[in-house]
*Asks:* 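I am attaching a structure below and will ask some questions about it afterwards.
Below, chain A is the first sequence line, B the second, and so on; all start at residue 1. No hydrogens, no waters, no symmetry mates; every other heavy atom, side chains included, goes into these values.
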2 protein chains.
Amino acid sequence: MSQDFQNVRRRFITQWGALGSQWGINRTMAMIHALLLVAERELSTDEVMEELNISRGNANTNLRDLIDWGLVQRMVRPGERREYFAAEKDVWKIFCMVARERKRRETEPAQKVLEACIRDTEMDDSPQAREFRRELTALSDFVSLANTVMEKVAAAEQSRVLPRILKVL
Amino acid sequence: MSQDFQNVRRRFITQWGALGSQWGINRTMAMIHALLLVAERELSTDEVMEELNISRGNANTNLRDLIDWGLVQRMVRPGERREYFAAEKDVWKIFCMVARERKRRETEPAQKVLEACIRDTEMDDSPQAREFRRELTALSDFVSLANTVMEKVAAAEQSRVLPRILKVL
DNA sequence: CCGAACTTTCAGGAAACTTCGAAACTCGAT
DNA sequence: ATCGAGTTTCGAAGTTTCCTGAAAGTTCGG
């Protein structure tokens, strides 16, 4: 296999890893994802460790996290003990997974904080408290609306939704 | 002013800060943002420092970053040397700012990496290289499309866009 | 052009997060 | 039961990111 190609491949993996950290995803996780994305077949933990020069513990933890995100699947080969891992390659599905995860980790907790603070000042009808509630309610309503949009987008089919939205805008 | 209310207010600020770190935004920045969001008037650097118990350097840096994001504005009071800061309170504008920033920091660099890798394997027509290119192109096309959608959404008016999208879905 | 008021920068320490490696655990075959 | 291939957990070490406090820079009135 061409040396150049192997280099580009490796560069892709490391750069994707670097990007990951910009995103708040840890570097190893992003690298494993990139590796599996461009792998021609499923890989075992040991292969991942070897390609990326990482420890077993690290490989194991991050593979599990990727599985939790729904971005990677465990593959069992009949008659073999060892587990193999394969990345989801359908871009739209990846997008849905990431959206779902972000919703879970970002918007839902925010929603909860907002609602709790609104509830806890409900009794207080001083002008300050009213204004505070007003602000927080505006935020909360917006987050809900955005959430609903995300949910519907994620539930729909790629080919239909995006072009249609583009048309509306 | 009611003690309870002050407590909720403080809790909101710290919790919003904690959320921020989940999002890859640093805690102080998120806290300053929350503080200014629920402040009844613009605040000076010293007031921010005092409320949040942070150093001058920290306050200054994070205020600057918030200004770069477009989430906070410098206010000058005529006849006063000191600068005051006020948060953007329109939720839709906040959303647009955050979207713009995420695009700049997340999708644009990703796009560049993908394009570079595609270009660098263009000459290679081995099956592996072709497949690699195919994967990366799918990703790249998708990211572009998503970007276009984001841009248009951000350029539009809140009241019109979201309800309209909801209808289409 | 000086000094006071205010803002910005930066080196180094503190805190948070990531990674390693080894020990503990699981599970199926014998 | 025991072995061994394979997986998971966890404390310590390493790395990155954040925060502080002090020093340097800027700007305005006089």
*Asks:* Near DNA chain D, which residues from residues 57-67 of chain A have a heavy atom under 4.0 Å away?
*Replies:*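 Output list: Gly57(A), Asn60(A), Arg64(A).
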*Asks:* Checking salt bridge (charged side-chain N to carboxylate O under 4.0 Å, His left out) between Glu151(A) and each of Lys103(A), Arg100(A), Arg102(A), Arg104(A), which is the one that passes?
*Replies:*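 The residue from Lys103(A), Arg100(A), Arg102(A), Arg104(A) that satisfies salt bridge (charged side-chain N to carboxylate O under 4.0 Å, His left out) with Glu151(A) turns out to be Lys103(A).
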*Asks:* Whole Å only: how far is the CG atom of Asn26(A) from the P atom of dT18(C)?
*Replies:*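 Value for this atom pair: 5 Å.
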*Asks:* In whole angstroms, how far is the P atom of dT20(D) from the CE atom of Met49(B)?
*Replies:*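 The answer, rounded to whole Å, is 9 Å.
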*Asks:* From the options dC19(D), dT7(C), dC27(C), select the nucleotide whose nearest atom is closest to the side chain of Arg81(A).
*Replies:*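 Output: dC27(C).
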*Asks:* For Arg27(A) and Tyr84(A), find the nucleotide of DNA chain D closest to each by heavy atoms; which residue's nucleotide sits nearer the 5' end?
*Replies:*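 With Arg27(A) and Tyr84(A) compared, the 5'-side residue is Tyr84(A).
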*Asks:* Are Glu115(A) and Lys112(A) ion-paired here, with the side-chain N under 4.0 Å from a carboxylate O?
*Replies:*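 Salt bridge: no.
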*Asks:* Could you tell me the separation between the CH2 atom of Trp23(B) and the P atom of dC18(D), rounded to a whole number of Å?
*Replies:*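 So the two atoms are 17 Å apart, to the nearest Å.
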*Asks:* If hydrophobic residues (ILVMFWY) are linked whenever their side-chain heavy atoms come closer than 4.5 Å, directly or via other members, who joins Met75(B) in its cluster?
*Replies:*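 Its cluster mates, by chain and number, are Tyr84(B).
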*Asks:* Expressed in angstrom and rounded to an integer, what is the separation of Met29(A) atom CE from dC17(C) atom P?
*Replies:*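 Distance check: Met29(A) CE to dC17(C) P gives 15 Å.
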*Asks:* Scan Thr28(B) against the nucleic acid and name what it touches under 4.0 Å (heavy atoms): base, sugar-phosphate only, or nothing.
*Replies:*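 Sugar-phosphate, no base atom in range.
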*Asks:* Are Glu47(B) and Arg41(B) close enough for a salt bridge, meaning some N to O gap below 4.0 Å?
*Replies:*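 Arg41(B) and Glu47(B): salt-bridged.
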*Asks:* Provide, to the nearest angstrom, the distance between the CG atom belonging to Asp68(A) and the P atom belonging to dT8(D).
*Replies:*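 Checked: the CG to P distance equals 11 Å.
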*Asks:* If we check side chain to side chain donor-acceptor pair (under 3.5 Å) with Asn26(A), which of these qualifies: Asn62(A), Thr61(A), Asn58(A), Asp65(A)?
*Replies:*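 Answer to the side chain to side chain donor-acceptor pair (under 3.5 Å) test with Asn26(A) among Asn62(A), Thr61(A), Asn58(A), Asp65(A): Asn62(A).
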*Asks:* To the nearest Å, how far apart are Ile25(B) CD1 and dT17(D) P?
*Replies:*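 It works out to 16 Å between those atoms.
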*Asks:* Using whole Å, report how far CD of Glu80(B) lies from P of dG29(D).
*Replies:*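 In whole Å, dG29(D) P lies 13 Å from Glu80(B) CD.
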*Asks:* So that I can tick it off, tell me whether Arg133(B) and Asp124(B) are bridged by a salt bridge, with the cut-off set at under 4.0 angstrom between side-chain N and carboxylate O.
*Replies:*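 Looking at Arg133(B) together with Asp124(B), the answer is no, because their closest N to O distance does not fall below 4.0 Å.
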*Asks:* Assess whether side-chain hydrogen bond (donor to acceptor under 3.5 Å, both in side chains) is satisfied between Ser140(B) and Gln111(B), documenting all intermediate values.
*Replies:* CA-CA 6 Å; Ser140(B) 174; Gln111(B) 196 67 273; 3.0 Å; yes
*Asks:* Which whole-number value in Å describes the distance from Phe85(A) CZ to dG6(D) P?
*Replies:*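 Those two atoms, CZ and P, are 12 Å apart.
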